[in-house]
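Please read these numbers as outputs of a predicted model, since none were measured by experiment. Only this structure's heavy atoms are used, side chains among them; waters, hydrogens and symmetry mates stay out.
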Amino acid sequence: MAPPPLPLFSPSPKPPPPPPWLHGPSTQTHNPSPSPAAPPPHAEAAPPNKPRHHGPKPAPARHTGGKAAAKPLTAGVPGGRTRRAVLGIIRRVRSLELSDPPRPFPARNDAAAAAVLPFHLPVEPREQFHEAAVKGKPRAVPWAAAWDEGLKVALRREKKAREPTRAETELAAGELDRLRRVARGMGRWARAKKAGVTDEVVGDLRREWARGEELAAVRIVEPLRRNMDRAREILEIKTGGLVVWTKGDIHFVYRGSNYQQNTKHSHYFMSDAQNMKQNVPTTQLEYSNEGEVLTNANSKADDAFQEKYQSICGQKDEEPVKGTLYEREVNRLLDSLGPQFVDWWWNTPLPVDADLLPEFVPGFKTPFRQCPPGVRPTLADEELTYLRKLARPLPTHFALGRNTRLQGLAAAILKLWEKSLIAKIAVKVGIQNTNNEQMAWNLKHLTGGTVILRNKDFIILYRGKDFLPGGVAQTVIQREAQVHDEQVKEEEARLKAVDSLQMVGGMSSEESSVGTFREYQNFQADHVHGNTENSNTIIELEAEKHRLEKELKDQEWKLSILNKKIERSNQALAKLHNSWSPSEESADKELLTEEEKAMFCRIGRKMDGLVLLGRRGIFDGVIEEIHQHWKHKEVVKVITKQNQARQIMYTANLLEVETGGILIAVEKLPTSHSIILYRGKNYHRPEKSSSSNLLTKREALRRSIEVQRRGSVKYFARERQKSILDLKRRLRYVARQIKYRTSRS
């Protein structure tokens, strides 16, 4: 009798025979009484000849019997080493177990067994496998699920159980279905703001309920739309209703069966308070133990929520604690820093609302810092990258929406830094005139930390290597004061001893202060504490002079590199210029009257065919093309893109000399210039159309590139020269200021 099938994998309807590598080289070894081979099915009754047709050819039938069915476990399993392939292997192993259970082998010697079974895969029984797994705890293999029921369940990725909403738990199923049917027919809704569910949105919902409607719809926008579950919680907390249905980004809120109109501020029920206590973690609305009262003049609904929430927190919580230990610790830490930001658009834990913290803290000052000896206070690139990666999975600690008056937030950050290296601050969305750059600058100067990341969404502050907690800082300051007092007492005792020795032994009154505390005090007075405004100015001027000298040296070095590039370009151009020589102008030139010139000029203007001069300028190909035009026409029009008049006239004269024609006119076009040439009355086509004394097309391109490169380098060389002259002028001015200040001191 076959064992019952596993619930995870069902056996195939027609299990294949066992493979030879598991039970021996041939399947006939397990059947002691072989039966005569049956004829193949197709040999018993041959079907009649069917008429041929031109349809698609049927796929050949697969061979399922014989040795072709004994495939390895990984044969035909797509996906390679993926989860799908592993599940296929497990299914095949289970099919083998159901089709052919293991049988006891007859006793034989080791030599015969080695000859018959060249390869054997030992499959341990379930009890042995369980004992080995418990004893040695080996790594679980995918196919172990065929034997172990518990491991089989562990391989499956179970989905997280969906938590029912408040509407599903508090309302009856029939009532909930009725409300959802009503919600499907609604076509009007309120629109939430970018800042979240504000007082205006809550007022729109209550006005809908005041008209007699049971449901009110609200459309959620970014960034709260990213987390619709959180949006549902905020709506239920602020309105006191129940979200009965969600369609896309629209929530439908039910006012409740015991809704009362004309209620003051927010509408809450005692049944809603317990649910709110489950959804929102406990928090303290006091900023410190001294009893500082936090005021919020932004919204009346928030005040009502705080009052109701305080009454909820006063009740005894008899329900079991929810959440992991990490979540509870984070909530406890954030509760000690300030009130929570209820409109937070991500999941819990909710950050602290920094706008509700006090704007000014009496006696607040930037904390004392001291870096350990041998430690560099600045951050290296690797350390900065590590801190940014460390801050990515951390929860957000604060939500900030104002730029100034951040002493309360700075005090909370200093308290947070005693337990965390990083303070993560989110910039509120939808609040006008927020500037993350100004926020980061103010927090950096109030706390003394390091800004490791700042953008439109987050500001991340690192406490720094020189950060000292409050108790440690006070201990260090007290210890330094004690050391200073001891040094003063030792100096006084040394002076008394020196005076007594002078009176007894008649020693000289001249005394040396080398190695004494007085020398240290004199050094501090002269070089540390005795720096006047004039000496500080001299130090700044010396630093400016050193910076200018260094920059001047760099600019001169860069100018020398540019000059070398100009020299290389000049050498390359000289080499190209030596490879061609312009033709000499003919002394016997034809003369044309003004009427002939005007006629040829009109003809040239109306011509459609033209010769275009590109960046290569004049080379042998241009002259050959002009002669091709003169083969059929007397006049040719040449278009050039040059802008300077000197370059245009040089090009026109060079074309006249090289072609042997007559220059008729040079005219201005909207975006270029045209050069009109007449071939002459006694024109004879040359034997060689291309001139050997001019550059080739490739050499002309090289010349154009070198000319362009030299012009660009010359421009930057001139700019560098101007900056060098300006640096020298500033350096002379700083030197005069230093000389003047030194003479005064």
Engineer: Over 60° means perpendicular and under 30° means parallel, so classify the ring planes of W630 and H627, tilted if in between.
Structural biologist: perpendicular
Engineer: Measure the spacing between CD1 of I618 and OG1 of T659 and express it to the nearest 0.5 Å.
Structural biologist: 9.0 Å
Engineer: Would you say the side chain of L414 lies within less than 4.5 Å of the side chain of P367, judging by non-hydrogen atoms?
Structural biologist: yes
Engineer: From the options R568, R709, R710, select the one residue that forms a side chain to side chain contact (heavy atoms under 4.5 Å, CB included) with L573.
Structural biologist: R710
Engineer: With heavy-atom distances below 4.5 Å as the criterion, would you say the side chains of K465 and E383 are in contact?
Structural biologist: yes
Engineer: Can you check whether L468 reaches R369 side chain to side chain, under 4.5 Å on heavy atoms?
Structural biologist: no
Engineer: Specify the closest pair of heavy atoms between A440 and R454, including all atoms of both residues, with the distance to one decimal.
Structural biologist: CB-CD, 3.5 Å
Engineer: Apply the test side chain to side chain contact (heavy atoms under 4.5 Å, CB included) to residues N227 and N347: give CA-CA distance (whole Å), side-chain angles for both, the deciding distance (0.1 Å), then the verdict.
Structural biologist: CA-CA 8 Å; N227 194 345; N347 294 324; 2.4 Å; yes
Engineer: Can you establish whether the number of heavy atoms outside E590 located under 6.0 Å from its atom CD is more than 12?
Structural biologist: yes
Engineer: Report, as yes or no, whether the 6.0 Å neighbourhood of atom NZ on K444 holds more than 12 heavy atoms from other residues, nucleotides or ligands.
Structural biologist: no
Engineer: Decide whether a cation-pi geometry holds between K424 and F458; the criteria are a distance under 6.0 Å from NZ or CZ to the six-membered ring centre and an angle within 45° of the ring axis.
Structural biologist: yes
Engineer: Do side-chain atoms of T447 reach the backbone of L443 as a donor and acceptor pair under 3.5 angstrom?
Structural biologist: yes
Engineer: Step by step, would you call H251 with T246 a side-chain hydrogen bond (donor to acceptor under 3.5 Å, both in side chains)?
Structural biologist: CA-CA 5 Å; H251 280 311; T246 301; 2.8 Å; yes
Engineer: Looking at K194 and E222, is there a salt bridge between them, counting it only when a charged N and a carboxylate O are closer than 4.0 Å?
Structural biologist: no
Engineer: Looking only at heavy atoms, what is the nearest atom pair of F619 and L695, with distance?
Structural biologist: CB-O, 3.2 Å
Engineer: Quick check: does any side chain N or O of R703 sit under 3.5 Å from a backbone N or O of R616, one acting as donor and the other as acceptor?
Structural biologist: yes
Engineer: Would you call E658 and L654 a side-chain contact if the rule is heavy atoms closer than 4.5 Å?
Structural biologist: yes
Engineer: Would you find a donor on one side and an acceptor on the other, under 3.5 Å apart, between the side chain of D249 and the backbone of R225?
Structural biologist: no
Engineer: Are the side chains of L592 and I664 in contact, using a 4.5 Å heavy-atom criterion?
Structural biologist: yes
Engineer: Roughly how far, to the nearest 0.5 Å, is the CD1 atom of I422 from the CG atom of L461?
Structural biologist: 10.0 Å
Engineer: With a 4.5 Å heavy-atom cut-off, do P351 and F341 have their side chains touching?
Structural biologist: yes
Engineer: Using the side chain to side chain contact (heavy atoms under 4.5 Å, CB included) rule, pick out the option among E595, R602, K597 that qualifies with M599.
Structural biologist: R602
Engineer: Output, in order, the C-alpha distance, side-chain angles, deciding distance and verdict of side chain to side chain contact (heavy atoms under 4.5 Å, CB included) for K637 and V611.
Structural biologist: CA-CA 6 Å; K637 181 168 63 173; V611 177; over 6 Å; no
Engineer: Donor-acceptor check, side chain of R388 to backbone of I452, threshold 3.5 angstrom: yes or no?
Structural biologist: yes
Engineer: Set out, in order, the CA-CA distance, both residues' side-chain angles and the distance that settles side chain to side chain contact (heavy atoms under 4.5 Å, CB included) for V427 and N455, then state yes or no.
Structural biologist: CA-CA 9 Å; V427 181; N455 52 33; over 6 Å; no
Engineer: If you look at every heavy atom in E667 and C601, which pair is closest and at what distance?
Structural biologist: OE2-SG, 2.9 Å
Engineer: Does the distance from a Lys or Arg side-chain N to an Asp or Glu carboxylate O, for E549 and K553, drop under 4.0 Å?
Structural biologist: no
Engineer: Nearest 0.5 Å please: distance from the CG atom of L613 over to the CD1 atom of I648.
Structural biologist: 11.0 Å
Engineer: Run the side chain to side chain contact (heavy atoms under 4.5 Å, CB included) test on R230 and W346 for me, step by step, so that the C-alpha distance in whole Å, both residues' side-chain angles and the decisive distance to 0.1 Å come before the verdict.
Structural biologist: CA-CA 7 Å; R230 180 60 193 159; W346 286 120; over 6 Å; no
Engineer: Under a 3.5 Å distance rule, please check whether D726 uses its side chain to pair with a backbone N or O of K722 as donor and acceptor.
Structural biologist: no
Engineer: Whether D353 and K428 form a salt bridge (side-chain N of Lys/Arg under 4.0 Å from carboxylate O of Asp/Glu) is what I want to check.
Structural biologist: yes
Engineer: I460 and A391: which non-hydrogen atoms are nearest, and at how many Å?
Structural biologist: CD1-CB, 3.8 Å
Engineer: With no hydrogens and no angle check, is any side-chain donor or acceptor of N436 less than 3.5 Å from a backbone partner on I459?
Structural biologist: no
Engineer: Can you tell me how far CE of M228 sits from CD1 of I250, rounded to the nearest 0.5 angstrom?
Structural biologist: 8.5 Å
Engineer: Out of curiosity, Q708 CD to S569 OG, how far, rounded to the nearest 0.5 Å?
Structural biologist: 11.0 Å
Engineer: Would you confirm whether S743, through its side chain, and Y740, through its main-chain N or O, come within 3.5 Å as a donor-acceptor pair?
Structural biologist: yes
Engineer: Does the pair K681/E596 count as a salt bridge with the N-to-O cut at 4.0 Å?
Structural biologist: yes
Engineer: Tell me whether H577 at atom NE2 has more than 12 heavy atoms from other residues, nucleotides or ligands lying less than 6.0 Å away.
Structural biologist: yes
Engineer: Within a strict 4.5 Å, meaning less than it, do heavy atoms of the I234 and W344 side chains meet?
Structural biologist: no
Engineer: Charged N to carboxylate O under 4.0 angstrom, E706 versus R702?
Structural biologist: no
Engineer: Just by distance, do the side chain of H445 and the backbone of W441 share a donor-acceptor pair under 3.5 Å?
Structural biologist: yes
Engineer: For the side chain of T434 and the backbone of G401, is there at least one donor-acceptor N/O pair under 3.5 Å apart?
Structural biologist: no
Engineer: In Å and rounded to the nearest 0.5 Å, what is the CG to NE2 distance from L541 to H546?
Structural biologist: 14.5 Å
Engineer: Any idea which heavy atoms bring V622 and G617 closest together, and the distance?
Structural biologist: CG2-O, 3.6 Å
Engineer: Can you find a heavy atom in the side chain of L663 that is under 4.5 Å from one in the side chain of I675?
Structural biologist: yes
Engineer: If you measure from the Lys or Arg side-chain nitrogens to the Asp or Glu carboxylate oxygens, is any gap between E544 and R730 under 4.0 Å?
Structural biologist: yes
Engineer: Any donor-acceptor pair under 3.5 Å linking the side chain of R402 with the backbone of D355?
Structural biologist: yes
Engineer: Show, in sequence, the C-alpha distance, side-chain angles and deciding distance for T404 and Q438, and conclude whether the side-chain hydrogen bond (donor to acceptor under 3.5 Å, both in side chains) test is met.
Structural biologist: CA-CA 8 Å; T404 57; Q438 186 177 1; 5.5 Å; no
Engineer: For F600 and Y678, take the angle between the two ring planes, folded into 0 to 90°, and tell me which bin it lands in: parallel under 30, tilted 30 to 60, perpendicular over 60.
Structural biologist: parallel
Engineer: Any idea which heavy atoms bring G449 and W417 closest together, and the distance?
Structural biologist: CA-CH2, 3.7 Å
Engineer: Is the shortest distance from a Lys or Arg side-chain nitrogen in K564 or E567 to a carboxylate oxygen in the other one below 4.0 Å?
Structural biologist: no
Engineer: Are more than 12 heavy atoms from other residues, nucleotides or ligands located less than 6.0 Å from atom CZ of R547?
Structural biologist: yes
